[in-house]
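Residues take their numbers from the sequence shown, with the count starting at 1. For the numbers below, each heavy atom of this structure counts, side chains included, while hydrogens, waters and symmetry mates do not.
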Amino acid sequence: MRKTFRIFAITLVVAIVVTVAGVAVVRHHNVKTGDMYDVFTNGINIGEPLYKYEMPENTDISELPECTEENYVMYQLNEFNTIETELEYCTVEINGGTQKDFLTVAMSCKEDVSDSVKLRTAVKDGNLYIQNKCEGTVPASKDKVKIIIMIPDDYKGGYCVKGQYCDVSVTNAESAMDIEMSLYKCNLNADNLNAPNITADMSGTEAEVKNVSSKDGFSIGAVSSNIKLRGVSAQYSKMVVSSTTLDTENVSGGFTYESDISTLYLKCSEVSGNINIQSKKGSVSVTLPKNAPLALRHNEKWSVFQNSTGIAESEKNNKDLQHILETNVEFTIVRLEEK
């Protein structure tokens, strides 16, 4: 099966490069399609993705004396400094609450799974752990179990959101510490995230993230996912993805993208940092504002590079230009456009 998939993947990528834009490659480099196939089969390991997701281990809180199994609990903010969710097979909402100085957690279940799902919470080493465990029948759909976490506006501690097979909504998460997410086969909707560092690791996840503000860095690692980003302000943003589609608009600060077998759509209304793109076996489409303060550097191997902008190529730093757009790609179609 793995060998069959490998042959299929190789053939697919060769077909994409040749049929979509590969004629230019073949003519320019005087090569044949069979030569391209040989390069793939001999030189590229399809089975080794650039990014590999690692499932984090959950913390065992069941034996802690303060562990609760109530479906509704309240905690004072001075009891912990980090919220850590470890959730599965549920719908979870993390948003602002109305109880001043108190965080509340509530779980509701459909009748057919109410006896097999437990909500556990406990504070350990400054972390508030919120876990649900399916100890019997796994819910047939995520909406059979709903968990709502209401957080007061004056909470400025850290967030660590872990989920498997969940629909996750995070709204207005502002932290003086870091925000971390680890999601496996989830749906994520996040809006208004503000923290010094924000990181997200994903596998098999559909994600829409809007209005991200990070004093230092914003990072995503993803495999087999679809991600939409709308509005990112950070000193730098770094994306490392495999077999993933990344659709990004309005990124402020530096932007780094590393990928294999992936697609990038990057739309910039302004440029305020260097843009570095590295892609293997993929597609890259970048839309830039006219007269962007950029110098262009690029390197292609078995690829197509189309520059429809007025950005000039330069191997030297130009004092009149603030930033550099650099692409380094293999078996990839790159398109640069202005709007």
Look at the side-chain heavy atoms of Ile, Leu, Val, Met, Phe, Trp and Tyr, link any pair under 4.5 Å apart, and say whether [X] and [Y] land in one connected group.
X: L188; Y: I179; result: yes
X: V123; Y: I151; result: yes
X: V168; Y: V223; result: no
X: L183; Y: M239; result: yes
X: M55; Y: V240; result: yes

When rounded to the nearest 0.5 angstrom, what distance separates [atom1] in [X] from [atom2] in [Y]?
X: T332; Y: Q278; atom1: OG1; atom2: CD; answer: 11.0 Å
X: D143; Y: C90; atom1: CG; atom2: SG; answer: 11.0 Å
X: L266; Y: L288; atom1: CG; atom2: CG; answer: 7.0 Å
X: L264; Y: S285; atom1: CG; atom2: OG; answer: 8.0 Å
X: I61; Y: R120; atom1: CD1; atom2: CZ; answer: 7.5 Å
X: K267; Y: T287; atom1: NZ; atom2: OG1; answer: 6.5 Å

Any donor and acceptor pair, going by atom type alone, linking the side chain of [X] with main-chain N or O of [Y] inside 3.5 Å?
X: T309; Y: I311; value: yes
X: E249; Y: L229; value: no
X: N276; Y: L325; value: no
X: S262; Y: S243; value: yes
X: S214; Y: A234; value: no
X: S303; Y: F331; value: yes
X: S175; Y: G157; value: yes
X: N95; Y: T171; value: no
X: S242; Y: L50; value: yes
X: E86; Y: I130; value: no

Does any donor atom in the side chain of [X] or [Y] lie under 3.5 Å from an acceptor atom in the other side chain?
X: S182; Y: Y53; value: yes
X: T263; Y: T245; value: no
X: N189; Y: S169; value: no
X: H298; Y: E313; value: yes

Run the numbers on Y236 and F255 for ring pair (Phe, Tyr, Trp, His ring centres under 6.0 Å), then give the verdict. CA-CA 6 Å; Y236 69 89; F255 181 84; over 10 Å; no
Which atom names give the shortest non-hydrogen contact between [X] and [Y], and what distance separates them?
X: V73; Y: E70; value: CG1-CB, 3.8 Å
X: S62; Y: C67; value: CA-SG, 4.2 Å
X: I198; Y: A195; value: CG1-CB, 3.9 Å
X: C134; Y: P139; value: SG-CD, 3.7 Å
X: G310; Y: E338; value: N-OE2, 3.1 Å
X: C268; Y: P289; value: O-CD, 3.0 Å

Charged N to carboxylate O under 4.0 angstrom, K146 versus E93? yes
Would you say that [X] contacts [Y] through its side chain, given a criterion of any heavy-atom pair below 4.5 Å between the two side chains?
X: K124; Y: Y129; value: yes
X: Y165; Y: K185; value: yes
X: V170; Y: M181; value: yes
X: K280; Y: V329; value: no
X: V145; Y: T91; value: no
X: Y51; Y: V241; value: no

Using the ring centroid of each side chain, check whether Y75 and F102 are separated by less than 6.0 Å. no
As a quick check of understanding, evaluate side chain to side chain contact (heavy atoms under 4.5 Å, CB included) for I94 and V161, giving each step before the final call. CA-CA 10 Å; I94 303 174; V161 180; 4.0 Å; yes
Name every donor-acceptor pair, under 3.5 Å, that has one atom in a side chain of residues 104-115 and the other anywhere in the protein, sequence neighbours excluded.
residue: D112; atom: OD2; partner: K144; partner atom: NZ; Å: 3.0
residue: S114; atom: OG; partner: E111; partner atom: O; Å: 3.0

Might you confirm whether atom CD of E79 has over 12 heavy atoms from other residues, nucleotides or ligands at distances under 6.0 Å? yes
